[in-house]
Number of protein chains: 2
Amino acid sequence: MRTGETMTPCTGCPLLDCPGLKQMDEERRREIETFKQGEIVLERGGQVLTQGARSNEIYTVLSGVLIRFRLMEDGRRQIINFLFPGDLVGLQAMLDEPMTHGVEALTPARLCIFPRDRFIEFVGRNPDMGYDVIWLAAKEESALEEHLVALGQRNARERIAYLALFIVKRAEGTCLASEGRVEISVTQGQVADMLGLSLVHTNRSMQSLRRDGLVRWSLNAIEIPDPEAVSRLVHYDPALFGPRPYL
Amino acid sequence: MRTGETMTPCTGCPLLDCPGLKQMDEERRREIETFKQGEIVLERGGQVLTQGARSNEIYTVLSGVLIRFRLMEDGRRQIINFLFPGDLVGLQAMLDEPMTHGVEALTPARLCIFPRDRFIEFVGRNPDMGYDVIWLAAKEESALEEHLVALGQRNARERIAYLALFIVKRAEGTCLASEGRVEISVTQGQVADMLGLSLVHTNRSMQSLRRDGLVRWSLNAIEIPDPEAVSRLVHYDPALFGPRPYL
DNA sequence: CGTCACCTTGATAGTTCTCAAGGGTCGTGG
DNA sequence: CCACGACCCTTGAGAACTATCAAGGTGACG
């Protein structure tokens with residue numbers, strides 16, 4: 001579903017009072033408002049960006065969680081990353097080249113639409129927002145680095161534990177999680193697609209983590225009773241620096 | 001080795017006449033020149049950025065090839081990506097947080113130094129360069145995506161073939177390669193560190209590719225007699241869009 | 001000549017994949 | 001109300017892939 005004809009004000013934006021995100025002053029909010037073009041509402045499974053297609057729009061996640069993935073000819077797919085509220089979706093769309101990945105909603109989600117062609121002019125007029133875009137891009141890059149380390153250096157159990165920790169911490173930063181628990185339904189098949197494991201082996205490794213009381217990953221939620229312990233297990237400390245900027 | 005006291009002019013910059021890179025007009029060159037702070041020269045094995053340290057500088061590769069890698073406490077390392085002439089090194093340094101990776105030269109290399117603290121002001125004054133930075137960041141991101149696909153979905157032989165193709169194509173874009181051959185020494189250990197394979201298995205898989213005449217990877221050079229064939233084998237088409245921008 | 005850094009080979013063990021089958025839940029239509 | 005399909009999780013068993021350990025081999029270089 002899509003809104004756009006009538007301008008949607010940013011006043012009630014859910015991101016405005018999320019403690020994990022940077023505070024935004026009146027002036028900035030207004031500036032973004034003029035740039036905003038509408039909203040999209042998705043249900044679980046809905047797509048925003050399609051691999052191979054060009055996009056004229058860039059989005060900011062207002063609520064919900066989405067995944068970014070890449071398909072191969074033979075049907076295999078690799079999930080690249082998760083997207084949380086405040087994240088910029090489709091930076092690639094700025095290049096005016098076919099998207100190399102698709103984006104799909106994992107939970108019901110709401111996105112804010114920005115027009116591609118005015119983006120350049122927009123950041124030109126607001127250098128500090130240009131800086132924020134770069135900030136987000138750099139962070140995204142470092143998340144991908146972490147995923148690469150997981151795929152390259154860890155075994156199945158560790159990968160799953162790593163991913164759970166990553167998601168929970170990232171969700172905590174946007175008020176989607178508390179006390180090591182996120183209510184989000186991630187399929188074992190999706191985990192397998194992200195971590196480069198077979199579905200069967202993913203299942204068995206998850207059971208092993210569950211038996212050890214380290215990670216409880218069901219279709220309803222991910223739960224990590226003792227994040228410290230998991231952090232030690234996988235040699236990964238999800239450093240949450242200051243609040244994230246967003247547009 | 002480091003230059004800086006005397007301003008190094010951009011006039012003789014080797015990037016200026018690399019066909020794979022975007023043409024640069026006089027005005028832009030001058031603008032960048034005022035921003036440039038000096039140069040660094042590295043030999044094979046030399047480091048520019050150290051993981052865990054903050055950096056006050058951002059670099060552009062003028063010549064040579066470098067790698068960006070991440071270390072774990074136990075000594076394992078994951079190579080994240082290769083850097084070629086024109087690439088921006090240390091975008092992360094803009095965040096004023098400890099670097100999450102190190103950067104090391106694979107061949108003798110020369111880098112151009114930009115001061116971090118003036119960067120924001122610089123892109124504010126030159127919006128189109130801000131756009132180019134975003135362009136580079138988006139491209140980097142899509143390279144990491146590709147590496148993730150390789151690690152997640154391909155077996156050892158395919159990963160190696162993929163990496164060879166990636167490097168050769170990327171090198172062709174910067175005049176370092178011609179006719180499917182790059183003169184660059186990448187150790188089998190480095191390949192293993194990038195692809196998440198053991199050294200022994202990397203060795204055997206490389207031999208298999210060599211026997212099949214697909215990839216000839218020695219300590220002196222990488223050679224791909226028939227890029228098309230390799231491209232089909234790994235389901236990877238390294239699309240080289242237009243010339244890359246650089247600073 | 002010895003050391004160092006790299007490549008190579010063989011044998012064995014461990015991890016992960018694939019194939020095959022069964023079970024649970026939920027919504028839909030007969 | 002029940003049968004059915006869709007989607008997800010679970011288990012077992014054998015095959016394939018990859019890691020590890022151990023040992024040799026080469027060439028460069030002081």
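Chain A is the first sequence line, chain B the second, and so forth, proteins listed ahead of strands; every chain is numbered from 1.
Every residue two or more places apart in sequence or in another chain was checked for a salt bridge (Lys or Arg N to Asp or Glu O under 4.0 Å) with Arg216(A), and none qualifies.
Rounded to an integer number of Å, the gap from CG of Leu219(B) to P of dC4(C) is 19 Å. Atom CH2 in Trp217(A) sits about 15 Å away from atom C1' in dC8(D), given to the nearest Å. Atoms CZ (Arg44(B)) and C1' (dC4(C)) sit 14 Å apart, rounded to a whole Å.
Using a 4.0 Å cut-off between charged side-chain N and carboxylate O, Arg68(A) and Glu141(B) make a salt bridge. Ion pairing of Arg244(B) with Asp87(B) is present here, as a side-chain N (NZ or NE/NH1/NH2) and a carboxylate O approach within less than 4.0 Å. Residues Arg181(A) and Glu223(A) are paired through a salt bridge, judged by an N-O separation under 4.0 Å between the basic side chain and the carboxylate. Between Glu97(A) and Arg54(A), none of the side-chain N atoms (NZ, or NE/NH1/NH2) sits under 4.0 Å from a carboxylate O, so this pair counts as no salt bridge.
With a 6.0 Å cutoff to the six-membered ring centre and a 45° limit on the axis angle, Arg154(B) counts as a cation-pi contact of Tyr162(B).
One finds no side-chain N or O of Gln188(B) lying less than 4.0 angstrom from the OP1 or OP2 phosphate oxygen of dA5(C).
With Glu146(A) contributing its side chain and Ala143(A) its backbone, the two residues share no donor-acceptor pair below 3.5 Å. The backbone N or O of Leu214(A) sits nowhere less than 3.5 Å from a side-chain atom of Asp212(A) that would complete a donor-acceptor pair.
Within residues 195-211 of chain B, the residues approached by DNA chain D to less than 4.0 Å at the level of any non-hydrogen atom are Gly196(B), Leu197(B), Ser198(B), Val200(B), His201(B), Arg204(B), in residue-number order. Looking at residues 153-161 of chain B, you'll see Asn155(B), Ala156(B) sit with a heavy atom under 4.0 Å from some atom of DNA chain D.
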